[in-house]
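Below you'll find the structure, written out as C-alpha cells, and then a few comments.
Chain letters run A, B, ... following the sequence lines, proteins first, then strands; residues in each count from 1. The shown structure was predicted, so the numbers you read here are calculated from the model rather than taken from an experiment.
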2 protein chains.
Amino acid sequence: MTDLMVQERQVEILRRLRQDGRVVAATLASLFGVSEDTIRRDLRDMATAGLCERVYGGALAIGPGRTTLKHRIGVAAERKKALAVAAVSLVPAQCLVYFDAGSTNLAIAEALPEDLAVAAATNSPAIALALQEKPLAEVILIGGSLDRVAGGSVGARAIEAMAQIRPDLCFIGTCGIDPDGALSAFGLEDAAFKQFVAARSRKVAVAATREKFEVSAPYAVAAADQYHCLLTEPDVDPVRLRPVRDAGCEIILAGM
Amino acid sequence: MTDLMVQERQVEILRRLRQDGRVVAATLASLFGVSEDTIRRDLRDMATAGLCERVYGGALAIGPGRTTLKHRIGVAAERKKALAVAAVSLVPAQCLVYFDAGSTNLAIAEALPEDLAVAAATNSPAIALALQEKPLAEVILIGGSLDRVAGGSVGARAIEAMAQIRPDLCFIGTCGIDPDGALSAFGLEDAAFKQFVAARSRKVAVAATREKFEVSAPYAVAAADQYHCLLTEPDVDPVRLRPVRDAGCEIILAGM
DNA sequence: ACGGATAAACGTGCACAAACGGGCATTCAA
DNA sequence: TTGAATGCCCGTTTGTGCACGTTTATCCGT
C-alpha cells in the first residue's frame, strides 16, 4: 500500500473498523508497511478519543453492544456531566429544545432540572427515555430510520418530522472539530440531518469534550459561524478555540 | 472459524447463551479452535462478572437469578419471556414487523433472534434501543408526542408517520382484555393510535400475560375479530378464550 | 436402592510466545 | 532548532496450552 500520512492511516483504520468491526494490529502493520508499535500508538490514540475499543492484539469497533456503549458513557462520564450541568443553564423555561443523538447530549438531557417545563425533542431513543423521567417535559420523538452508529433517527423521514418543528435551541452532537472550528460527523445521513436541524434552530449549541478536537470526521456538519455556542473543557488549547470565537461564537468552559 | 480475540470470543459465547440458554465447553473449544482450558477460563470470568451461571460441562444463561434487564421488564419477567420466545416464531424473515409500546412487546423485541433479517418499526424508545442490538434489523422509529403512561409516541404526528408504512405483522399491546375478547387501553390517544396501527397491519398479534384478563380499561382498541393471533399463558381460564377463538382468532399458549 | 468404579470435567501451577508500554535514537519537515 | 512521527530495544504483562492431581456425574453390580 502506498505510504500514507498519519491521519490518512487512522481514517483507513477507522474505515476497516466500521466495515469489519475489528482490526488486528499485526495485519495493519504489514498492510501499511509500518511497525506494530506505530499501529499500537494509532490504536491507543483512537481509543482515548473514543473511536474504538482497545483489546489485546488489536481493536474492536464501538458497536451497538451495550457494554461498549456504557463504556463510552463511562470513560468521560464525570467530564460530560460537568459539561451537561453548564449546558442546561442555556435552556430557558417554556422553550422548545432539541437534543441530537450522542452520549454527551444524553448527559445534558439527564441533567435537565426536574422542575423545568419545556418541550424537548430528540431523534435518539436513549435520550427520549431519559427525558421521560422529567415530569414537566413534553417529549417529542423524531422518527425515521435508526442509524446504529449515530444512535438516532436520520434520513428522509426524520427530516420530514423535523420540518414540523422549529426549536428555540438545539444541542448538536459532533464527532470531531476541525482546526477551523468546523464540525464533522462519521455518517453521511447523520451529517445531513444535523445540518438540517441546525439550520432550523434559532440557537445552535454544541457540547464537546476535549477529545473531539483530536478527531476529524469525513462529513461536514457546520462551520464555526453556523453555531452560536460551544461548550467544552477548560484545558482545551486556546489556539483551537480562537477561530470559533472569531466566528462570533460564544464559548463556555466547564469542568474541573 | 477465524481466529477471534478474547473479547470477541466471549461476546459470541454470550450470544449463544442468550440464544440457546446454555453452552457446552467442549463444543465451544472445537468451535473456536482453542483448548477447553481457555473456554473454562472464559466461562469462569463471565460467571464472575455475573453474565452466566457456571455448571459442570459448560454454562447456563442466567435463569432464576435476576438481571438488571429484568428489572426493566418488571414483575412477570420470566412469564413474559416465555411468551416472547413463542411470539418471535410468528415473525418471518424479511418482513416489516411493528412493535407497539409496552413491556411485553419489549420482551418480544429482545427475544428476536440475532440472525433474523427484518425491518422493525416501533413507537417506543425502549423497544428501539433493544432492536438496535439486533445486527440484522433495520429499525424504524415512529415519532410523535411521547405518552409517559404508554411509553411510546402517540398523537397526530405518530399516526402521520405510521401512515407511511404498512406492517406485515404487528404486536399490539393491551392494558386489558374484556370477557368478549375486546382489547382496551388507559389512554385515549394511545388507544386511537393502536387502532390505527392494527387497521393498517396485515396480521395483528396480541401478547398478553394472564393478568390482562382481570383488567378492563376505559378506551376500546379492538374487538376479538379485529386481531388474528392471541398469545397468552396456559393457565388462563378457557372460558375467557372461547369468544376469542370463536371470532376466528388463532390462540397460542406458551409458558411454564 | 445403594455404593463403589470410572471417565469426564475441573482447577492450579508452569512454561512459552505474543503483545504491550516506556525509553531512546533517528529522520524529516516546519 | 524544535517538534512530531517512527522504529528499535527491553523488561513486563497477558493469553494460551499442557501436565497433574482433585472433584463430580454417571453407570453398574449387588
note: A:E36, atom CD; D:dC9, atom P; distance rounded to Å ~ 14 Å
Positive for side-chain contact (heavy atoms from CB on, under 4.5 Å) with A:F171, one of A:V88, A:D100, A:L90: A:L90
Closer than 4.0 angstrom, basic N to acidic O: yes or no for B:R15 and B:E114? no
Contacts to DNA chain D from residues 39-49 of chain B, heavy-atom cutoff under 4.0 Å, which residues? B:R41
Counting distance only, does the side-chain N/O of A:R148 pair as donor-acceptor with the main-chain N or O of B:K134 below 3.5 Å? yes
Pairing of B:R41 and B:D37 as salt bridge, 4.0 angstrom limit: no
Show every ring-ring contact (aromatic ring centres under 6.0 Å, His included) that has at least one partner inside residues 185-211 of chain A, sequence neighbours left out. none
Using whole Å, what does the distance between atom P of nucleotide C:dA9 and atom CG of B:L60 come to? 15 Å
Residues forming a side chain to side chain donor-acceptor pair (under 3.5 Å) with B:Q10, sequence neighbours excluded: B:D42
Which atom pairs link the protein and nucleotides 21-27 of chain D when you take only N or O atoms and keep those under 3.5 Å?
residue, atom, partner, partner atom, Å
D:dT24, O2, B:Y56, OH, 3.3

What integer distance in Å separates B:Q10:CD from D:dT14:P? 15 Å
So B:F213 and B:T232, do their side chains get closer than 4.5 Å, heavy atoms only? yes
Of the listed D:dT6, D:dC18, D:dT16, the closest approach to the A:T38 side chain comes from D:dT6
Euclidean distance, atom CZ of residue A:F32 to atom C1' of D:dT6 [Å, nearest integer]: 15 Å
Check the side chains of A:K212 and A:T174 for a donor-acceptor pair under 3.5 angstrom, ignoring hydrogens and angles. no
Between the base of D:dC18 and the side chain of B:D37, is one N or O donor paired with an acceptor at under 3.5 angstrom? yes
For the side chain of B:V6, starting at C-beta, report the closest nucleotide among D:dT6, C:dC20, D:dG15. D:dG15
Please classify the nucleic acid contact of B:V55 as base, sugar-phosphate, or nothing, using heavy-atom distances under 4.0 Å. sugar-phosphate
Output yes when a side-chain donor or acceptor of B:E36 lies under 3.5 Å from a complementary backbone atom of B:A29, and no otherwise. no
Please, which pairs that meet side chain to side chain donor-acceptor pair (under 3.5 Å) have at least one residue in residues 237-247 of chain A, sequence neighbours excluded? none
Roughly how many Å is it from CG in B:L4 to P in D:dT16, rounded to a whole number? 10 Å
Do A:F99 and A:I108 touch side chain to side chain, with heavy atoms closer than 4.5 Å? yes
Global bending angle along the helix from C:dA1-D:dT30 to C:dA30-D:dT1, which compares the axes of five pairs at either end, to 10 degrees: 30°
